[in-house]
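Below, chain A is the first sequence line, B the second, and so on; all start at residue 1. Keep in mind that the numbers below use all heavy atoms, side chains included, and drop hydrogens, waters and symmetry copies.
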Amino acid sequence: MVRTKLAAALFAATALLGLPAAAQEKPKELVVGIATFLSGPASVFGVPGKNAADLFFEEINAKGGILGVPVKPVYVDEGAGTNQLISEYRRVVQDQGAQIMLGAISSGSCNALAPVAEDLKVVNVMWDCGTQTIFEEGKWKYSVRTQGHAGAEMMATLLYLMKVKPDFKTVAVVNQDYAWGRESWALLQAGLKALKPDVKIVAELFPKFGAPDFSTEITRLSALRPDVVISTSWGGDLDTFVQQAAARGLLKQSTFVLPLAESSMERLGAVMPEGVIVGSRGDHYFLHPKYKNTPEMQGFVKAYKAKTGVYPIYPTFHMNQAVTGLVKAYEKAGAAAGGKWPSKEQVIAAFEGLEFKSLTGTITIRSDHQGLEDQMLGTTKRVPEYPFAVYDKMALYPGKLVTTPLGEKSLDWFAKVKPELVNDKSIETFDYVK
Amino acid sequence: MILLAALDGLAYGSLIFLVAVGLSLIFGVLGVLNVAHGSFYAIGAYVAASAVLAAAGMGLPVWLAFPLFLVSAILVGVVVGGTVEALLLRRIYGKEEVLQLLVTFAVFMILEDAQKVVFGTQPLFANAPMNWLGTVEVFGIFYTSYQLILIPLVALVVLLGLRWFLRRTSFGRAIIAVTQDREAAMAMGIDATRIYLFTFIIGASLAALGGALSSATTSLTPGIGSGMIVLSFAVAATAGLGRIEGAAVAALMIGLGRSAAVYFAPEFDVLIPYLIMVVVLLIKPEGLFTTVQTRKV
């Protein structure tokens with residue numbers, strides 16, 4: 001009797017343990033759906049992301065694919081609107097058999113897609129969106145983010161500003177009037193209050209997304225003369241703002257803080273003067289002081305420039321993180337499955353605690369599925385080697401230092417940030433070297 | 001402060017006027033509410049910026065940009081505008097407004113994609129002409145001469161030029177005759193088809209000129225046409241569709257209103273064109289400058 005019970009228990013335990021590790025049929029190809037902006041103003045990021053993905057998958061396929069399975073990327077346009085995006089996303093999973101989805105650039109898209117991914121039980125790698133709330137307010141089994149979030153980006157920006165210009169008294173903000181512009185400012189404002197309670201906010205300007213003209217904002221800033229002007233704008237809006245502000249001498253009058261400017265530097269060329277604080281949503285920079293000479297980086301920059309005619313910008317690095325993370329998660333899950341093709345549950349489980357090297361820093365995925373990504377800021381400098389401004393006086397902030405701790409909400413964390421963080425010993429600094 | 005805001009409003013309003021007056025003219029004469037008008041603005045901007053960048057690449061002097069703007073605008077008006085009118089719009093005159101809106105919207109979408117194929121998705125800007133003209137100082141604040149003087153000046157020339165053309169030239173009078181009564185005008189020997197084509201080309205060229213002028217101050221990204229078409233519709237509706245002087249006043253109101261909002265109530269910045277439109281239309285449902293229409297028997 002005892003023996004029978006023991007045998008039954010053993011059988012049950014084996015069956016239970018065996019279930020998740022059940023061998024999957026190795027597919028002929030791995031369809032990876034990628035949501036990115038192919039139309040509208042955000043395609044200035046979406047198309048470089050797609051170009052990079054094409055390059056990375058070509059390279060992976062040339063080496064035999066992921067665990068021996070060739071990858072087939074399928075693109076979905078985020079620019080078509082949320083409803084269209086969701087139905088396309090479903091179609092790619094259900095009709096085209098995508099096992100992996102990379103979605104998306106816009107935080108709005110990520111918020112909309114996370115529940116859809118849960119519903120479809122498809123591994124969803126958030127490859128570029130920045131909203132900090134997605135894993136702070138929700139718990140998603142099938143979604144993971146292979147990069148940092150707005151909280152880490154804005155904390156690093158604040159710490160850098162406090163370090164290089166500690167004596168400012170007045171601040172103005174000019175952000176795009178949509179979720180990113182408003183939320184990033186809410187974070188910065190909470191941090192400013194904690195770090196510098198006496199600072200005065202003299203103007204909060206939110207021109208509409210895609211505004212072609214910032215003349216009135218610039219006139220107002222010229223009259224107010226704030227010590228610091230912050231703008232988390234990006235793409236054409238940032239180009240236009242910097243261009244119009246530079247033409248009217250405003251960039252010399254105030255210290256400009258532009259945390260997303262890395263993606264505009266080449267286009268702005270001679271317009272971008274020295275002394276502007278710039279960032280890159282992570283530590284992404286083709287002239288990264290630690291990684292610019294690695295064979296991987298040099299190979300990527302050369303291939304990307306040959307394909308597109310320009311230097312790679314941060315969405316291409318975010319795409320690299322998503323693709324590298326995916327490959328590493330498959331390898332880890334494949335090893336756990338004893339060399340068999342892993343199930344999607346095994347793949348998503350493999351992401352937890354995964355550590356992998358990107359083209360720049362190392363990414364760690366926390367248990368809440370949020371990635372820890374280093375952040376880099378610098379001050380612009382003009383050099384003879386490039387026809388556009390480069391980063392100088394760089395500071396590299398470890399992802400762990402600037403990311404909101406597990407279980408806390410970013411806005412609360414920002415409100416209690418301590419000035420000691422500005423000079424934390426883990427922050428590395430570099431000057432521009434040819 | 002109010003003066004500073006007014007100067008910005010003047011420059012912005014002038015640019016909107018250039019685009020909106022073309023839209024208004026086309027509606028006034030052809031009776032078509034042309035959504036694709038935003039594409040003419042965008043293509044005008046892209047063509048002008050590409051021409052300026054190409055000229056700079058060849059080492060040509062910066063001032064050449066100004067004649068290039070004009071040439072680009074006329075080229076876009078004739079080639080793109082002329083083709084759209086001759087191949088498509090000609091078939092839908094007098095048809096239901098919904099159909100006209102759908103067709104012109106479809107043209108807009110097709111042209112949006114065509115822009116991406118031809119000009120790519122990378123933001124494009126050619127600011128050399130703006131910097132070349134330098135800055136002027138007003139009460140210690142620097143403005144670019146390009147925005148403060150050149151753009152309003154071009155808008156003024158266009159306004160006066162259009163008025164003169166429509167009232168003093170025989171072709172202009174023929175246009176007005178067709179607008180008033182197409183059948184009677186044709187009976188008197190006026191070639192309405194030619195007039196329609198010509199008017200459409202002028203309207204499209206004006207939108208393209210607005211785009212060309214804006215190419216020096218703004219960065220060109222996919223979707224710039226849609227922003228402008230919405231503003232142009234607001235101006236045209238506020239003015240009363242088909243009214244040229246009305247478009248000037250309405251564009252100025254919207255420009256000044258927007259500037260004032262940035263100074264005194266930034267949260268209304270985006271809303272202001274629509275608020276002005278709603279208020280005007282509530283008081284005068286036909287728009288600011290419409291007169292009572294006589295009923296045809």
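Contact of A:Pro207 with chain B is made through backbone and side chain together, with heavy-atom distances under 4.5 Å. For B:Phe125, the part lying near chain A is the side chain, with the backbone staying farther off; criterion is any non-hydrogen pair under 4.5 Å. Heavy-atom distances place the side chain of A:Asp177, and not its backbone, under 4.5 Å from chain B. Heavy-atom distances place no part of A:Gln253 under 4.5 Å from chain B, backbone and side chain included. Within the 4.5 angstrom heavy-atom criterion, atoms from both the backbone and the side chain of B:Asn127 approach chain A. Heavy atoms closer than 4.5 Å to chain A are found in both the backbone and the side chain of B:Thr144. Using a 4.5 Å cut-off between heavy atoms, A:Leu250 makes no contact with chain B at all. Interface remark: A:Thr308 contributes no atoms to any contact with chain B (heavy atom separation under 4.5 Å). Of the two parts of B:Ala260, neither the backbone nor the side chain holds a non-hydrogen atom closer than 4.5 Å to a non-hydrogen atom of chain A.
Here the side chain of A:Thr240 pairs no donor or acceptor atom with the backbone of B:Thr218 at under 3.5 angstrom. In this structure, the side chain of A:Arg248 engages the main chain of A:Ser215 through a donor-acceptor pair within 3.5 Å.
With no hydrogens or angles considered, a side-chain donor-acceptor pair links A:Glu78 and A:Ser109 at under 3.5 Å.
Per-residue heavy-atom pair counts under 4.5 Å with chain A were compared for B:Leu220, B:Thr217, B:Val138, B:Leu15, and the maximum is reached by B:Thr217. Per-residue counts of heavy-atom pairs under 4.5 Å with chain B were compared for A:Thr219, A:Val310, A:Val47, A:Leu268; the largest is that of A:Thr219. Comparing B:Phe142, B:Tyr146, B:Tyr143 by how many heavy-atom pairs each has under 4.5 Å with chain A, the most go to B:Tyr143.
B:Tyr41 and B:Tyr46 have their aromatic ring centers separated by at least 6.0 angstrom. For A:Tyr285 and A:Tyr314, the ring centers sit 6.0 Å or farther from each other.
Residue B:Phe264 places its CZ atom among more than 12 non-hydrogen atoms of other residues, nucleotides or ligands, all under 6.0 Å distant. Residue A:Arg91 places its CZ atom among more than 12 non-hydrogen atoms of other residues, nucleotides or ligands, all under 6.0 Å distant.
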Q.
Pair A:Val74, A:Ile34 - check side-chain contact (heavy atoms from CB on, under 4.5 Å), show working.
A. CA-CA 6 Å; A:Val74 176; A:Ile34 302 170; over 6 Å; no

